[in-house]
Amino acid sequence: MMVSSNFTVGAWFVVMIFCIAFDLGFTVYKYVKRRFDEIYSAESVLPKRIIHGVVYLIFLVLAYEAIRVRVEGELFAGLLFLVYIALSAVAFFIAVDIVVSLRKLRRKRIA
Amino acid sequence: MTPIETFSLIFLATILLLVSEIEHKVVVALLAAVFSVYFGVSYGLYEIEDVYHMMDMETVLFIVASLILFESLNETGFFKFLSLLVFKKLRLKGLFVVYLLLAFATLFSGIAENTITMIIMTEITLSVFTPRRIDPRATVAMEGVMSNVGGLLLPISSIPGLIVATRKNIGAEEFLVIDTPLIFILLGVAILYYRLVLAKQEARIEELQVVVDDPWKAVENRSVLARSLLIFSLFIVGVLVSDKLGFTPSYVAFFFVTLMFMFSGENPGRILSKISWDVPFFVACFSIFVESLDRAGVLALVGSYLEPLISASAFLGPFVLLLISGVFSSVIANVSVVLLLLPIVDRISSISGLNPHPLYWSMIIGSNIGGGLTLYGSVPVLMAASLAEKGGHKISFGLYAKKIAPAVFLQLLVSDFYILLLEILGVL
C-alpha cells in the first residue's frame with residue numbers, strides 16, 4: 001500500500017514536471033516562432049529560417065551544457081532533469097518548425 | 001560534453017550565423033565571445049583575467065586609430081578633390097575614364113578605409129555615367145573588386161592585412177615590396193577583362209566624358225585639408241619607421257590622432273561619430289573566440305584536415321591556402337577567415353616544418369581578393385551594390401556572378417601564380 005502511494009506521488013510529480021516543462025517550452029517556442037514569422041515572412045527566406053532554427057537548437061544544447069557544467073552532482077540532478085525537459089520541449093517545436101520549413105522549401109522547388 | 005565538443009558547437013553556430021547573415025556580424029562575434037569565455041572559464045581552459053590578453057588590444061587600438069585618421073582625411077574632401085583634379089588635367093574620354101576610375105578605387109582603398117573609398121567612387125561614377133544614360137553597374141562593381149585589391153598596398157589598408165602584419169611583425173616596407181607589383185598586375189587584369197568582356201556589352205561606353213568645372217568645390221576648407229594631409233602623411237611615415245623608433249604602431253597611430261584632433265581644425269566629436277565602430281568590436285570579440293577555440297583543441301582538429309592539403313609541398317601549400325582563404329572569404333567576413341586561419345597555419349607550419357611566411361602572404365592576398373567572388377563577400381562590393389541601387393541601378397546576385405565573379409577568380413589565379421613565382425625566385 002505504502003509503495004503504491006509513493007509510486008502515485010512520484011508519478012504525479014513526474015507528470016507535473018513534464019507538464020510545466022512542456023508549457024514553459026511551448027511558451028518559449030511561441031516567442032521564437034513570432035520572431036521567425038516577423039523576420040521570415042517571405043518564402044524566399046526559408047533556407048535562412050532553417051539555418052536560424054538549427055542555430056537555436058545548438059544554443060539549447062549549449063544552454064543545457066552551461067547549466068550542467070556549473071551544477072554537477074546528485075543534489076542538482078532534479079533541477080537538471082527539469083531543465084532538460086524544458087529545453088527538449090523547445091527543441092521539439094523548433095525541430096518541427098525546421099521540418100515544416102524544409103517541406104515547404106521542397107514543395108516550392110518541385111513547383 | 002567535452003570542451004572540444006562544446007567549442008565545436010559554438011564554432012558551428014558562429015559559422016552558420018556569419019554565412020547566413022541572420023544577425024549583425026558584431027552580434028555574432030559578441031555571442032561567440034560570451035559563450036567562449038563562459039565555457040573556457042568553466043572548463044578551466046583559462047582564467048577570467050586572461051580574457052583581456054586574448055582580445056589582441058594592439059591590433060584593436062591600431063584599427064581604431066587608423067579609422068579616425070582615415071575619416072579625418074576624408075572629411076576634408078581630399079579624395080573627391082584629387083579625382084576631380086586628375087580628370088580635369090587628363091581630359092580623358094571613353095574607356096580611359098573607366099580605367100582611371102578603377103585605378104582611383106585601387107589607390108584610394110590603399111590609403112583610406114574601403115567603405116569611404118566606395119562612397120566616393122560610386123558617387124563619381126554615377127555622376128559620370130547617369131547623364132549619358134550608360135549602365136554603370138559593371139563599373140561600380142569592378143571598383144568594389146579593385147578596392148579589395150587596393151587593400152593590399154599597406155598593412156593599414158585592410159583589416160586582414162593589418163591583423164597578420166601586427167601579429168607576425170610584417171612591416172609596411174615588405175607590403176610595398178611584395179604587394180605593389182601584384183596590385184599593378186591585378187589592375188592590368190581588371191582593365192583587360194573590362195576591355196575584352198564588359199566593354200563589349202555596353203556599346204555607348206566610348207561616349208563617356210568627364211566635365212569638371214572646379215575641383216576645389218569639393219573642399220570645404222583648404223587650410224584644414226593641407227593640415228590634415230600633412231598629419232596623415234606623417235602618420236604613414238611614422239608607421240613605416242615605428243619599429244626603428246621603438247614604439248608600437250598603435251602608439252604611433254594615436255600620437256598622430258592627437259595631432260590631428262589638436263591641429264587639423266576638424267571637429268573630433270564629428271569624426272568619432274562617423275567611425276565604423278563595428279570593426280574594432282568584431283576583431284576584439286572574434287579574437288577571444290578564436291583563442292578559446294585554440295585552447296579547446298578545435299583549431300588543431302580543423303588544422304588536421306587542412307594539413308595534408310597545405311603541407312603536401314612547400315611550393316603548393318601557399319597556392320592551396322590562397323584559394324582556400326579566397327573561397328572562404330567569399331562566404332564569411334575575411335576578418336574572421338584570417339583570425340581563424342592564422343593559428344591553424346602556425347600549427348601546420350610548426351608540425352610540418354614549412355616556412356610560414358609565404359603562407360601568411362597567401363592568407364593576406366586570398367582573403368582580400370576572395371571577398372569579391374560573391375556580391376555579399378566583401379564590404380566594398382556590397383557597399384558599391386547598395387549605393388548603385390540607391391541611384392536606381394540594381395546589381396543582382398546573378399548579374400554579379402555572371403559578369404564580375406570570373407574577373408575575381410582570374411585575379412585569384414594570377415595572385416596564386418605570383419606567390420609561386422616569388423617562392424621560386426626566393427623572395428618569400
Side-chain angles (χ1 to χ4, degrees), chain A residues 28-29 31-73 75-77 79-81 83-84 86-88 90-91 94-95 97-102 104-105 108-109, chain B residues 1-48 285-286 288-289 292-293 295-298 331-333 336 374-376 382 394 396-398:
Chain A
V28 173
Y29 171 69
Y31 165 75
V32 172
K33 189 180 181 306
R34 205 181 311 137
R35 187 154 183 242
F36 273 21
D37 289 341
E38 271 170 26
I39 308 171
Y40 309 114
S41 51
E43 286 212 342
S44 59
V45 284
L46 275 177
K48 275 197 174 184
R49 184 176 181 135
I50 295 164
I51 294 174
H52 211 155
V54 173
V55 170
Y56 272 33
L57 283 181
I58 295 173
F59 283 169
L60 290 174
V61 177
L62 290 173
Y64 177 76
E65 178 64 8
I67 298 166
R68 191 201 64 79
V69 83
R70 288 281 170 169
V71 294
E72 256 182 319
L75 195 65
F76 295 104
L79 174 73
L80 269 177
F81 180 69
V83 170
Y84 184 81
L87 293 178
S88 299
V90 185
I94 291 177
D97 194 273
I98 293 172
V99 173
V100 171
S101 301
L102 274 170
K104 277 186 190 171
L105 195 70
K108 200 181 132 200
R109 291 231 167 117
Chain B
M1 281 170 85
T2 61
I4 199 161
E5 286 167 346
T6 307
F7 277 93
S8 296
L9 278 179
I10 300 173
F11 180 60
L12 179 66
T14 307
I15 295 296
L16 283 174
L17 285 172
L18 283 174
V19 171
S20 58
E21 292 174 335
I22 292 166
E23 299 284 356
H24 190 281
K25 66 177 180 178
V26 171
V27 179
V28 179
L30 272 168
L31 254 174
V34 167
F35 273 126
S36 301
V37 170
Y38 181 87
F39 286 110
V41 172
S42 299
Y43 288 137
L45 297 175
Y46 48 81
E47 301 292 322
I48 192 74
C285 294
F286 217 77
I288 295 172
F289 167 58
S292 305
L293 288 180
R295 296 195 190 198
V298 178
V331 280
I332 53 174
S336 27
T374 59
L375 184 60
Y376 309 110
L382 196 60
K394 192 178 184 320
S396 68
F397 189 85

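Reminder, nothing fancy here: chain letters follow the sequence lines and each chain counts from 1.
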Exercise for the section: Quick one: list whatever passes side chain to side chain donor-acceptor pair (under 3.5 Å) with B:T14, sequence neighbours left out. Expected result: none

Handout entry: Partners meeting side chain to side chain donor-acceptor pair (under 3.5 Å) with A:Y29 (sequence neighbours left out)
Key =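 Scan of A:Y29 (side chain to side chain donor-acceptor pair (under 3.5 Å), adjacent residues dropped) gives A:D97.
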
Handout entry: Minimal non-hydrogen separation, A:V55 against B:A13, with atom names
Key =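 For A:V55 versus B:A13, the nearest heavy atoms are CG2-O, 4.1 Å.
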
Practice task
Would you name the heavy atoms of A:K48 and B:S20 that are closest together and state the gap between them?
Solution key: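 Result for this residue pair: CE-O, 2.8 Å.
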
Problem - Of B:L12, B:I10, B:L17, the residue whose pairing with A:I58 passes side chain to side chain contact (heavy atoms under 4.5 Å, CB included) - result: B:L12

Handout entry: Steps toward side chain to side chain contact (heavy atoms under 4.5 Å, CB included) verdict (A:E65, B:L9)
Key = CA-CA 11 Å; A:E65 178 64 8; B:L9 278 179; over 6 Å; no

Practice task
Apply side chain to side chain contact (heavy atoms under 4.5 Å, CB included) to A:L62 and B:Y38, showing your working.
Solution key: CA-CA 11 Å; A:L62 290 173; B:Y38 181 87; over 6 Å; no

